[in-house]
Amino acid sequence: MISIIIPFYNERENLPILLKELEKAVAKIKEPCEAIFVDDGSKDKPKLLLKSTVFKIKLLTHKKKEGKGRALSDGVNQAEGEIIIFIDADLQDDPADLPKFLEKIDQGYDFVNGIRSQRKDSRLVKIYSWMARYFLKIFVNSPYQDINCGFKAFRKEVLKDFIFYGNNFRFLPLWAYYNGYKVTEIPVNNRPRIYGQSKFGKKKFFTGFLDTLTAYFLYRFSEKPLHFFGTIGFILFITGLLIDLYLAYERIFFNVLLYRRPLLWLGVLLIIVGIQIIMTGIIGELIVFLNKKK
Ligand code: UDP
Ligand code: MG
């Protein structure tokens, strides 16, 4: 069975059209499908009646807006399918691409992400996406071109042990990749938004990036915080130590008076800050250890 999860917030005009498009796409699929609509506390009442003869529909509602991540995770909890599909409700993703995703899953891939190939965005957005893509490639070893594309399909087992929190759903593609699942990307048709407003707006470009980095950090270092803090702290500490040793050497052997050397301040500062950062790492280790013991 296939579970299609559709988080929405104030998308009243889009939902009936989306439903029609989904029905058309699902009619071409052999497996049984269910659509899980998650109303993230929409304010644009009156409520819609979502009905379909082609697939089963579930509707979950949040009392207030809890964010897309929460909506997705609630949808996942109700999903009966072995295969999960995330699709936005704003008609920017084209349900006609659904069979292409499933084809890849049939070919043995565990996680299929979309690439918004012909994005109808400004040049600035494109430059930004390009930068983000290379940054992620270089620093977090990301194999993806368009990690932020909301349209994706994957086997449910990929979510095993994945903890949804905040906006870390953006990290899911990397999670799948790091955990050894077979991942791939396919180009999808990306359409401009016609009804309603973008919920994330421009600030998404910055926060989305931060969210991915946070999630990466937690994934990489939450079991060994000292590796992260220790490295930074050690580099600062050693730099400070070398500076001060050099100053001490000149003071002792060449009688260069220290009160005329501003570098002394830098050296002292680096040593103190370095030690503090290392200590933060040690406290981090302690927290992890105590949590494991429980
Ligand atoms: N969305 C949601 N809760 C939120 C923000 C967004 O359920 O707090 C839904 C929204 O209705 C849409 C999808 O998430 O179906 C993607 O949002 P949007 O299209 O506004 O984002 P953009 O395409 O601008 O990144
Ligand atoms: Mg959108």
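We count ligands from 1, going down the list as the structure has it; atoms in each ligand are counted the same way.
- Qualifying salt bridge (Lys or Arg N to Asp or Glu O under 4.0 Å) partners for Arg70, counting only residues two or more places apart in sequence or in other chains: Glu66, Asp74.
- The pair Glu34-Lys58 meets the salt-bridge criterion, with a side-chain N (NZ, NE, NH1 or NH2) lying under 4.0 Å from an Asp/Glu carboxylate O.
- Every atom of ligand 1 is numbered from 1 in the order shown, and the set under 4.0 Å from a heavy atom of Asp40 is 2 (C), 3 (N), 4 (C), 7 (O), 8 (O).
- Inclusion of Ser198 in the set of residues having an N or O under 3.5 Å from an N or O of ligand 1 is warranted.
- Between Asp110 and Lys182 no salt bridge is recorded (no basic side-chain N to carboxylate O distance below 4.0 Å).
- Applying the 4.0 Å criterion to heavy atoms of Glu11 picks out, from ligand 1, the atoms 10 (C), 11 (O), 12 (C), 15 (O).
- No salt bridge links Glu185 with Lys152; every basic N to acidic carboxylate O contact stays at or beyond 4.0 Å.
- Between Arg116 and Asp93 no salt bridge is recorded (no basic side-chain N to carboxylate O distance below 4.0 Å).
- Remark: ligand 1 atoms within the under-4.0 Å shell around heavy atoms of Phe8 are 7 (O), 11 (O).
- Side chain to side chain, Asp39 and Ser42 meet the donor-acceptor criterion of an N or O pair below 3.5 Å.
- At a threshold of 2.8 Å, the Mg ion (ligand 2) has no backbone or side-chain N, O or S atom of Asp88 nearer than that distance.
- Under a 4.0 Å N-O distance rule, the pair Arg193/Glu13 does not qualify as a salt bridge.
- Taking only non-hydrogen atoms, the option from Gln92, Arg70, Arg193 nearest to atom 18 (P) of ligand 1 is Arg193.
- Inclusion of Gln92 in the first shell of the Mg ion (ligand 2) is supported: an N, O or S atom falls under 2.8 Å.
- For Ala71, no heavy-atom contact with ligand 1 is shorter than 4.0 Å.
- Taking the Mg ion (ligand 2) as reference, Asp90 places its N/O/S atom OD2 nearest.
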